[in-house]
Amino acid sequence: MRTPASRLALAWIVLITLVAAFAPLLASSRPLSLAIDAAGPRHSPLLESLDPLDWTLALAAPLLIGWCLLGGPRRVAGRAALASLLLALGVGAASIVQGLTPRPPEVFGDETRAAHLDLAPRWTLVPFSPAERSTDAPDSFLPPGTRTVTATLSAILPAAPELSDSASLSPERLAQLTQSLRSLPLTPSERDALERDLAARITPGAALTHSDLRAIVEHHTAALGRVHILGTDARGHDVASHLIHGCRVAVSVGIIAAAISTIIGVSVGAAAGFMGGAADALLSRVIDAFASIPVLFVLVIAAGVLPRQPHVIMAVIGCLTWTGCARLTRAAVIAVRSSEYVLAARAAGAGPFARVTRHVLPNALAPVIIDVSFSLAAAIVIESGLSFLGLTDPGSPSWGSLLASAVKDTGSPVWWLAFAPGLVLFLTCLSYNTLGEALRDTLDPRSRRHA
Amino acid sequence: MTPGFLLRRLLLAIPALLGASLIVSALLELSPAATSLTPQALDAPDAAMTAHADPLEPHQPFATRYLRWMHRLSPLRAGTQDRLDDRGSRIQPPPPVPHARGAPADYAGPAPDSYADAALAHARDRARYAAALAADDESPDLRTQADRSRRAAHRALLSAPLPRAGLAIIPDSLWLDVPDLGWSSLRGRPVAPLLASALSATLLVNCLALFIAALAGIPTGLLAAVRPGPVDALLRAVLVGLWSMPVVWSAVMLQTLLARQAGVPLFPASGLMSPDAPDMGLLPGRDPRGVPEPGLILDIAWHLVLPVACLSLAALAVISRHTRAAALEQLAADHVRAARARGLAGPALLTRHVLRPALAPLAGLVAVLFPALVSGSVIIENVFNIPGMGRLLLDAVIARDRDLLLGCVMTAALAAVAASLLADALAACADPRVRFTGSNG
């Protein structure tokens with residue numbers, strides 16, 4: 001943890017984990033707060049929609065941050081690593097439970113928002129839900145920084161069926177529409193500017209058409225729309241929102257799959273290394289057999305054939321990638337098994353299970369801990385690959401499916417659509433690998449000379 | 001490499017092959033719509049996912065189907081021999097009825113599900129056709145004697161028993177034949193030729209990637225070893241970056257930035273060759289109309305630039321790291337000190353005294369890198385639309401094509417075994433002291 005690179009890596013991992021824990025709060029189409037009436041209390045559709053698990057995560061995160069800071073500057077890095085691991089486990093558990101009890105996506109759509117415009121809504125950081133599809137561009141992508149306007153406008157200026165866009169407006173209709181514009185939640189200066197523009201155009205004799213009015217209003221109410229910071233993908237989903245919710249998928253799949261593979265690997269490796277003899281030979285053959293199975297091929301088949309739920313993907317990745325960990329554990333256990341302190345424990349009457357768990361494993365786990373960091377990165381990459389191939393739940397946001405949408409759904413490839421999700425994936429992977437290298441330098445000083 | 005060693009390695013590969021096939025068969029058994037999906041169902045995958053297994057498909061226990069598949073795979077087979085049709089190809093049972101729900105109007109009971117049943121049905125059809133021909137013999141269309149005798153010969157051929165496949169040891173009870181990987185219901189062809197063509201594309205891409213990675217990785221590793229300090233630190237940082245670069249991202253970025261219809265249209269976006277490539281000559285030249293054309297080799301190379309670049313990035317990093325570690329070890333060894341003491345320096349010292357002994361551990365990397373590359377090529381092939389194993393696998397998964405899936409996994413597992421054999425052979429070339437005696441080779 002000494003080098004600046006490993007500190008940066010740890011900071012990125014902590015950031016990703018925090019974003020994963022706070023994902024529903026960071027990106028949602030539901031307003032953070034609404035005023036039912038000008039004087040009354042504001043209420044919050046966003047907070048009301050959170051389920052208990054989201055609440056637990058959102059409350060656990062500040063507690064863990066506080067615990068990290070309490071340790072003082074010398075312990076911050078270690079505690080942060082542990083805290084992000086714990087938080088990631090929590091996120092993993094939450095996404096398993098939420099995957100098992102799916103709720104219909106609650107989309108606070110443009111129409112609802114437009115109806116709430118006079119309630120002075122305040123949005124969260126990214127005012128889009130991942131499941132929400134832009135009404136402005138349902139089947140094409142929008143470049144970064146685009147504002148949503150159509151739905152808001154059509155709520156303000158309901159289409160007049162009796163009028164085509166080019167027909168001029170009758171004075172009564174005009175009066176009715178300008179009346180409805182008065183109720184818009186604009187600042188006084190914006191309202192003044194709008195009324196000045198309208199007054200300039202509404203002169204006796206000059207005909208004002210519906211589309212003219214629309215253009216004027218569109219110009220002045222742009223601030224009311226929401227901004228797609230990173231644009232939308234080809235199906236009209238907001239990219240930023242997908243990125244944030246994709247953190248949750250990546251963090252949870254990474255941690256749970258790595259946990260499963262470590263548990264299997266350590267158990268099999270420790271059993272093989274400690275028992276020796278025929279058991280070792282048999283288990284080693286099992287490890288060899290699993291290691292020479294083409295993992296990605298079987299993963300693709302498993303992910304494609306089994307139900308597309310988060311826990312299935314986690315279990316499948318975990319159950320097929322444990323061989324490296326098993327080999328490392330076996331070698332380390334064999335190296336430790338016949339040392340004096342294990343013999344002493346045996347002489348003191350400790351049974352085999354107690355000897356393995358209390359004496360051998362604690363002294364043989366260093367290479368495994370290093371390996372966990374690398375296997376976390378590998379699991380995240382595998383998950384993104386599977387979702388890139390379209391083998392995960394199509395409804396759940398994932399970095400891989402964003403990448404896929406950059407090349408598959410758009411008419412021509414769009415690099416900026418792939419850039420952000422790929423960069424986040426790359427940085428996460430790089431961070432876990434850098435952290436693994438740093439851990440290796442710390443825990444396994446022999447390798448420092450070579451690696 | 002003695003035959004005994006080779007045999008032992010192949011025997012050790014059997015558990016892996018068994019395990020992989022068992023896992024895949026079990027997975028297919030667990031799937032909600034086992035083996036009943038058809039290309040037609042792909043238009044509505046959700047409906048097909050919820051639809052249960054085809055009620056018309058002959059139902060057998062999992063163990064029976066798995067054992068039957070294994071039996072088809074073994075060269076020595078028991079039971080009735082397969083029969084060949086008039087064109088000399090094996091008579092296969094037809095794929096499952098392509099209707100997930102409800103029988104077609106002209107459905108006449110379950111399809112024959114075994115090779116013997118299929119051969120019987122085929123023989124019955126032939127007999128019926130021969131009878132129809134016989135009834136038609138007096139037709140006024142047959143004017144000449146030649147017509148009549150040709151017709152009689154045809155009928156004789158139809159009523160002859162079907163030729164047997166393979167080499168009989170005891171006729172119709174024990175026989176030898178080439179392993180039969182089954183029938184792909186997705187493509188409507190036997191699995192083996194599909195796999196062969198896909199494997200050649202995948203091998204082309206992967207061997208090139210491995211070669212290029214070694215070509216670039218070994219010099220960078222050596223450079224890092226002989227220049228400690230800033231060069232080493234910089235290389236290490238770059239290599240960790242390359243190593244962490246997800247293949248998905250590099251592939252998508254390269255395709256969106258450099259492929260045709262993208263920002264800088266330098267390279268073709270997809271495929272292994274241009275559509276008109278089969279008509280080209282091997283080398284650059286001019287076509288019959290005098291228009292210059294790149295030639296087959298250059299055309300394929302042009303298509304391979306982006307996929308091979310993506311695949312070789314991570315392998316390059318791994319090779320370079322290992323080269324650096326091995327070279328550092330050799331640089332500290334006595335024989336290098338001795339060579340230095342004799343006044344050797346520069347490239348001669350590096351190549352003959354440092355790189356030469358470092359090659360043996362590097363050869364072992366092939367066994368690790370090659371399967372990883374093949375895994376990576378699943379993604380690459382789907383991005384760049386290369387007709388290799390990865391594409392075949394994905395298509396087969398979506399269509400739940402059982403035989404094709406099992407064939408893909410078996411091929412990939414065998415490729416891994418072959419790669420580890422190759423690694424041993426290379427290690428033996430690099431270091432003559434390596435003998436194939438130990439149980440681990």
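Here is how names work: the chains are called A, B, and so on, in the same order as the sequence lines, proteins then strands, and each is numbered from 1.
Proximity to chain B involves both the backbone and the side chain of A:F297, based on heavy atoms less than 4.5 angstrom apart. Both the backbone and the side chain of B:M245 come within less than 4.5 Å of a heavy atom of chain A. Looking at A:F419, both its backbone and its side chain come within 4.5 Å of chain B, counting heavy atoms on both sides. For B:P15, the parts lying under 4.5 angstrom from a heavy atom of chain A are both the backbone and the side chain. For a residue to count as touching a neighbouring chain, one of its non-hydrogen atoms must lie under 4.5 Å from one of that chain's; by this rule B:V240 touches chain A with backbone and side chain alike. Neither the backbone nor the side chain of A:A377 comes within contact range of chain B, judged by heavy atoms closer than 4.5 Å. Residue contact with chain A, scored on non-hydrogen atoms closer than 4.5 Å, involves the backbone and the side chain of B:A412 alike. For B:V417, no part sits under 4.5 Å from any heavy atom of chain A, backbone or side chain.
The backbone N or O of A:G304 lies less than 3.5 Å from a partner atom in the side chain of A:R308, making a donor-acceptor pair.
Among A:T434, A:V381, A:L389, the residue making the largest number of heavy-atom pairs under 4.5 Å with chain B is A:L389. Counting heavy-atom pairs closer than 4.5 Å to chain A, the top-ranked of the candidates B:G241, B:A416, B:A326 is B:G241. When each of B:L18, B:L17, B:V409 is checked for heavy-atom pairs under 4.5 Å with chain A, B:V409 comes out on top. Comparing B:V24, B:V252, B:V247 by heavy-atom pairs within less than 4.5 Å of chain A, the highest count is held by B:V252. Put simply, of A:L423, A:L427, A:L425, the one with the most heavy-atom pairs under 4.5 Å next to chain B is A:L423. Most heavy-atom pairs under 4.5 Å with chain B, from the set A:L320, A:I380, A:N433: that is A:N433. Most heavy-atom pairs under 4.5 Å with chain B: of the set A:L403, A:V286, A:L299, this distinction falls to A:L403. Chain A forms more heavy-atom pairs under 4.5 Å with one residue of B:I14, B:N382, B:V248, B:I23 than with any other, namely B:V248.
Taking the centre of each ring, B:W243 and A:F374 come in below the 6.0 Å mark.
Ion pairing of A:R327 with A:D288 is present here, as a side-chain N (NZ or NE/NH1/NH2) and a carboxylate O approach within less than 4.0 Å. Between B:R324 and B:E329 there is no salt bridge, since no side-chain nitrogen of the basic residue lies less than 4.0 Å from a carboxylate oxygen of the acidic one. Checked for salt-bridge contact, B:R236 and B:D232 miss the test: no charged N lies under 4.0 Å from a carboxylate O.
Taking OG1 of A:T442 as the reference point, atom CD of A:E437 lies at 11.0 Å (rounded to 0.5 Å). Rounding to the nearest 0.5 angstrom, the gap separating the CG atom in A:L435 from the CG atom in A:L8 is 11.5 Å.
Within a 6.0 Å sphere centred on NE2 of B:H322, other residues, nucleotides and ligands contribute 12 heavy atoms or fewer.
Between A:L391 and B:L394 the shortest side-chain heavy-atom distance falls below 4.5 Å.
Between B:W69 and B:Y66, the two ring planes are parallel [angle under 30°; tilted spans 30° to 60°].
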